[in-house]
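The structure appears below as structure tokens.
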2 protein chains.
Amino acid sequence: MNRTATALALLASAAASTLASTAAAQTAPDALIAAARDEALEGDTIAWDFTEGVTTEIGPRLAGTKAEARAREWAMAWLKAQGFSNVRNEPYMMRTWVRGEEKAAITAPFTQPMHVTALGNSGSTGAKGMTGEVVVFPSYATLEAIPDGSLKGKIAYISHGMKPTQDGSGYGLAGPARWTGASLAEKKGASAIVIKSIGTDHHRVPHAGGTMFEDGQTPIPAGALSVPDAENLERMATRAAARGEPLMLNLMLTPKVLGQTESGNVLAEIPGSDPGAGIVLLACHLDSWDLGTGAIDDGAGCGIIAAAAKYVAAMGQPRRTIRLLFAGAEEVGVFGGAAYGEAHKDEEHALAMESDFGADRVFAFEQTRLDPALADRLAELLAPMGVVRGTGSAHGGADTGAISEATDPVIVDLKQDGLNYFDLHHTADDTLDKVDPAQLRQNVAAWTATVALLANAPGSIEAAETLED
Amino acid sequence: MNRTATALALLASAAASTLASTAAAQTAPDALIAAARDEALEGDTIAWDFTEGVTTEIGPRLAGTKAEARAREWAMAWLKAQGFSNVRNEPYMMRTWVRGEEKAAITAPFTQPMHVTALGNSGSTGAKGMTGEVVVFPSYATLEAIPDGSLKGKIAYISHGMKPTQDGSGYGLAGPARWTGASLAEKKGASAIVIKSIGTDHHRVPHAGGTMFEDGQTPIPAGALSVPDAENLERMATRAAARGEPLMLNLMLTPKVLGQTESGNVLAEIPGSDPGAGIVLLACHLDSWDLGTGAIDDGAGCGIIAAAAKYVAAMGQPRRTIRLLFAGAEEVGVFGGAAYGEAHKDEEHALAMESDFGADRVFAFEQTRLDPALADRLAELLAPMGVVRGTGSAHGGADTGAISEATDPVIVDLKQDGLNYFDLHHTADDTLDKVDPAQLRQNVAAWTATVALLANAPGSIEAAETLED
């Protein structure tokens, strides 16, 4: 309460100043930035409003589909209502894959239904499904180790031991089973593959996500079992082996490829006063996997960056243009990020940041190419919220990848707590109730402080030694 | 470790005694009972073995189906392998309802799929489904309050605010929406009903369970939405109302009634030395709802009572016959409990107990008609595990209801912690990973102490003042 009062008093005094508000913002003392940060921390409702709205009025929004198009229309209306400028859709075409029916059951020597979901780019079993013997691989490496062609007619199953990690590093450990396990299984001769969901929960909600085949490979049916189903399958496999009997799985997945359809990026801006100072790009993605409503992945991310931009705008016109990129088609191959990078590669980008790791608190920041004095000021501004200075460098997100490669902006990563993220990631359980409003406000506050500092900083925000690159 | 060593020493000394083991058990000092209790507490694997086996080799086992029949065969083989006597199936016929396909989606003014499951006894929408306007009722009472026939052509929706409670009392508060909400909605003229799942979780796994129509009523389609879906529907309803537009739901549920099929109760015994001392009846139910694998409801319950009986048997032949009742068809109407009550009403039952509230720890005991001196000894035996003496009386469980009414046995309730029970109850998430082996062992230990005391107590275990009844 006291903090809010202080913040409002500072903001009021800034507004009442005889100086132009532009000048006030651009010479913003850190106390003014701290006041904006604290206003977000204690009272933000903007990020929640976006997340609630898009999950309630749109829900699942798979890239390239009509649902994603509805999400773009909805988001543009919301951004205009929030006062953003230059709100627009930048369309592009993409190859679109959509889910069909999906069923699985162990049929011998036991009889149990299994909860399965097709991985993106999975082939189809046809409507009649297929039945095959399951061969259990405890890891990706054990499937890699067998001879090519040795799984003829079998269904490969890959397990893993993924555990929650704050920085999400468990995803890197377990992820290959999903990312390229199907391609690998096809090379080994398998008719199909099912994997243990790449997730850390114990609910009957399989984790979707894309799998990649190589050029020239024919996609085999590829599904993920929920973690409890995968564990049950492994117990059944052990018991079947003890009896000397094969474990048989019936699998029915009927996804299809729609061919080329339209997707698009939604852009919105707070125009800056100095066109030569470079763009501050804040990115999230608007598409979601089709099982959940895209609350933590990535409705909250879009809400966070929009809210932060509004708090910065409320301080007065920023020096640099703040551009929001609500990217399309991130989940299925970062088509939106690639289209943005290509379309905007000739624009100067001073800073690129992305929010795409849920809605939990920021616990650390890392940067690449940031001026050391600004990094020190940023550390001071984030410290009251318990945000530490990370020891690594910043890499940005998937959607800022292409533009960062093209324009070498400063990158700042606000690292979010990911201990619960892979409980929900790409599942039907990615719904609004998983977003904690207090965590979300802390996140918006960290973004507000960062963007307020770097959108208004005079001169270049880049470290002197990297400016020559 | 020390406790186990003490327990084993006591058991060894009992076995080495020149007294018959029968006499040793029946005059068991509380130290010997405590040793058996602690052996279960620290090392039991029997309850887990049953729970893992039935969930892995059988899984869902809806009453009256072939899956329930497989579960009976499996359980009888397991009980014989564990050394129980008089293992048998007591069949009966029942009216059997089975689930069909189930889908739901909001179609206007928004478009989102919903996770739904049919309630037991639900009518069918037919394969083409039906679409109707949703009318939201925040509680059962608000639906009760409207005039009969006033919901013509509409789909009623009932919400609630169920919260976790240790003793499960939240179920009583929210339950009527499921138990009789469909019957009530039919009287109001509704074409169908969907309810917010009777559960305390936030996962996309709807809670199944039976709903009851009155004689002469035609069952309308009745489904439960998962809690996140229900919350989303309520948000959509609020936004639709603000626009002045109806909220439209498409619902497809195709359950059917198979007619009369066979179900059965599985019984097993540890014969007592004194046929006149009455039976100690320990009950659980073997059937489960069809969405999960029946781990906490009620695989664990059957595992607990079987394990406790085995620890008591290991002390020497008990005075009273200990009979396990693995009841059939509890979930869908307690048909097994009724059949047992009818078939065995002429046998003397000294004690009736039931385990059907998950696999978490016992925190209290309550009793009805128990001799006060035995109640004091029981309190002492349970106190080291933190089990308190409850303030209410014991009521037994659903499956001991009929026999208790017929024979007035002593009833002891070992009350289990239910704070997480309604996160899982009747959902696909009722799987083995939800059972904590340490909690399960504490539960078995409480049962072991109770059964050891009361199966062996001399004279009558009933309070003198109730013996005259």
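Side-chain atoms are counted along with the backbone in the values below, which use heavy atoms only and exclude waters and symmetry mates. A, B, ... follow the sequence lines: proteins, then strands. Residue 1 opens every chain.
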Here the gap from A:Asn232 atom CG to B:Thr293 atom OG1, rounded to the nearest 0.5 Å, amounts to 6.0 Å
If one checks every heavy atom of A:Thr56 against chain B at 4.5 Å, the contacting part turns out to be both
Honestly, the part of A:Glu57 sitting under 4.5 Å from a heavy atom of chain B is both
Cut-off 4.5 Å, heavy atoms of chain A, and the answer for B:Pro113 is side chain
For B:Gly53 and A:Arg239, the nearest pair of non-hydrogen atoms, with its separation, is CA-NH1, 3.7 Å
Okay, B:Lys66 and chain A: the region with an atom under 4.5 Å from a heavy atom over there is neither
Cut-off 4.5 Å, heavy atoms of chain A, and the answer for B:Leu291 is backbone
Comparing A:His203, A:Arg235, A:Glu231, A:His202 against chain B, the one with the most heavy-atom pairs below 4.5 Å turns out to be A:His203
request  = Flag yes if more than 12 heavy atoms outside A:Glu101 fall under 6.0 Å of its CD atom; otherwise flag no.
outcome  = no
Taking every heavy atom of B:Arg204 against every heavy atom of A:Gly292, the minimum-distance pair comes out as NH1-CA, 4.0 Å
Closest heavy-atom pair, B:Pro60 versus A:Gln112, reported as atoms and distance to 0.1 Å, is CD-OE1, 3.8 Å
Bottom line for B:Ile58: the part with an atom under 4.5 Å from chain A's heavy atoms is backbone
